[in-house]
There are 2 protein chains.
Amino acid sequence: MTTAASERILDRLRSDGGRITTVRRAVVTALVEADDHHVTAEALATSVQARHPDVHRSTIYRTLDSLADVGVVDHVHLGHGGAVYHLTEDAHQHLVCTDCGTVVQVPGELFHDLAEQVCDAYGFEIDPRHFAMLGRCAHCAGHAAATI
Amino acid sequence: MTTAASERILDRLRSDGGRITTVRRAVVTALVEADDHHVTAEALATSVQARHPDVHRSTIYRTLDSLADVGVVDHVHLGHGGAVYHLTEDAHQHLVCTDCGTVVQVPGELFHDLAEQVCDAYGFEIDPRHFAMLGRCAHCAGHAAATI
DNA sequence: ATAATTGCAAAGTCTTTGCAGTTTG
DNA sequence: CAAACTGCAAAGACTTTGCAATTAT
């Protein structure tokens with residue numbers, strides 16, 4: 001199925017006049033297999049280079065860029081340092097604990113009310129996913145029962 | 001009163017064993033005067049160097065770091081590229097339009113409900129201010145009737 | 001005096017770019 | 001074949017760091 005998913009993604013490139021190359025196939029495969037794992041460019045490079053040692057990092061970035069142009073890949077900043085890349089299929093939000101670094105994924109719908117309020121009041125249409133939200137996870141905040 | 005504000009801030013450094021130097025005074029002044037303007041490190045450097053040409057950028061960063069340690073300064077990432085620094089006094093959230101770059105400030109309270117929901121469900125205590133939220137501003141989203 | 005701060009130059013991290021050669025459709 | 005993609009090396013933006021000299025307390 002990862003194959004089917006990969007092909008679907010590659011098709012987006014193809015239908016945009018893009019060309020399907022070994023490298024692109026490898027990057028997409030790595031993304032599909034790593035999905036929900038939020039891959040850094042570095043991890044992606046390592047993963048791709050395991051099978052295609054000569055692939056240069058700039059090519060990884062360029063491929064990610066092309067995939068982003070076509071709308072199938074996006075990146076998120078979880079904190080300082082590198083971004084993580086992921087398929088756009090799953091729209092979730094990231095919460096990153098500033099104490100222990102844990103990343104919690106929460107459904108995007110949680111932001112629906114907020115987005116509506118902000119839209120009503122400011123006309124601003126929030127798409128909160130590009131950046132993580134920082135804070136403290138249940139453990140570090142000492143929430144045994146997880147209630148405020 | 002910017003002087004009073006500056007002194008209050010410098011006191012935080014002092015009471016932490018820090019020393020008050022010309023440079024630190026200049027940085028704090030620039031921050032106070034630029035408050036609500038969200039200064040980049042570069043702008044801060046330029047501003048400080050107007051009066052003290054020999055101040056090195058690394059010193060600006062180190063001063064910001066010290067001020068952050070003491071809790072009076074924080075920085076926010078509005079998008080790719082540099083962060084903006086601001087005094088911690090005003091707790092607001094930044095919305096950045098991905099189309100035109102406009103930065104909208106909204107009161108932190110808007111996030112109260114969301115924070116509560118997330119806390120209830122995940123025990124995670126959100127502090128959303130470190131990153132901006134991206135989206136499209138009223139103008140770019142075509143909200144003619146939006147209350148601005 | 002002595003511990004903190006500074007300037008400088010250099011390095012570090014993450015990402016982009018120019019170019020010439022290679023490959024895809 | 002023409003356009004798109006690739007590797008390489010180099011640069012770019014932003015920030016951090018080691019060190020010796022300076023300065024605040």
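Only heavy atoms go into these numbers, but all of them, side chains included; no hydrogens, no water, no symmetry mates. In this text, all values refer to a predicted model and were calculated from it rather than measured experimentally.
Rounded to whole angstrom, the span from the NE2 atom of His80(A) across to the P atom of dC14(D) amounts to 14 Å. Computed from coordinates, the Arg14(A) CZ to dA3(D) C1' distance equals 17 Å when rounded to whole Å. Atom NE2 of His75(B) is separated from atom P of dT16(D) by 8 Å (rounded to the nearest Å). Distance NE2 (His56(B)) to P (dA10(C)): 11 Å, rounded to an integer number of Å. For the pair Arg57(B) CZ and dA11(C) C1', the interatomic distance rounds to 17 Å; values are reported in whole Å. Summarising the geometry, the separation between NE2 on His52(B) and P on dG7(C) is reported as 11 Å, rounded to the nearest angstrom. The nearest whole Å value for the distance from the CD1 atom in Ile60(B) to the P atom in dC8(C) is 13 Å. As a whole-Å value, the separation of Arg25(A) CZ from dC5(D) P is 14 Å.
Toward the 5′ end of DNA chain C lies the nearest nucleotide of Leu13(B), the other residue of the pair Thr22(A) and Leu13(B) mapping further downstream. Comparing Asp65(A) and Thr59(B), the nucleotide of DNA chain C nearest to each residue sits closer to the 5' end for Thr59(B). Closest-nucleotide positions on DNA chain D for Arg62(B) and Ile20(B) were compared, and the one nearer the 5' end corresponds to Arg62(B). Nearest-nucleotide assignment on DNA chain D puts the 5′-proximal partner with Val23(A), out of Gly18(B) and Val23(A).
Residue Asp54(B) is in sugar-phosphate contact alone, with no base atom involved, counting any heavy-atom pair closer than 4.0 Å across all strands shown. Nucleic acid contact for Ser66(A): none, since no nucleic acid atom lies under 4.0 Å from a heavy atom of the residue.
The shortest non-hydrogen separation linking Leu31(B) to Tyr85(B) is CD2-O, 4.2 Å. The two residues Ile60(B) and Ala45(B) make their nearest non-hydrogen contact at CD1-CA, 3.9 Å.
The side chain of Ala83(B) has dT15(D) as its nearest neighbour among dT15(D), dT6(D), dT6(C). Taking every side-chain heavy atom of Arg19(A) into account, dT23(C) is the closest of dT25(D), dT23(C), dC8(D).
A centroid separation of 6.0 Å or more is found between the aromatic rings of His77(B) and His94(B).
Note on Tyr61(B): a side-chain N or O is less than 4.0 Å away from OP1 or OP2 of dT15(D). Residue Arg24(A) has a polar side-chain atom (N or O) positioned under 4.0 Å from OP1 or OP2 of dC5(D). A sub-4.0 Å separation between OP1 or OP2 of dT16(D) and a side-chain N or O of Ser58(B) is absent. Residue Thr21(A) has a polar side-chain atom (N or O) positioned under 4.0 Å from OP1 or OP2 of dT6(D).
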| After noting the C-alpha distance and the side-chain angles of Arg14(B) and Asp11(B), does the key distance pass the salt bridge (charged side-chain N to carboxylate O under 4.0 Å, His left out) rule? | CA-CA 5 Å; Arg14(B) 227 184 312 254; Asp11(B) 275 342; 3.0 Å; yes
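How far CE of Met133(B) is from CZ of Arg129(A): 11.0 Å, rounded to the nearest 0.5 Å.
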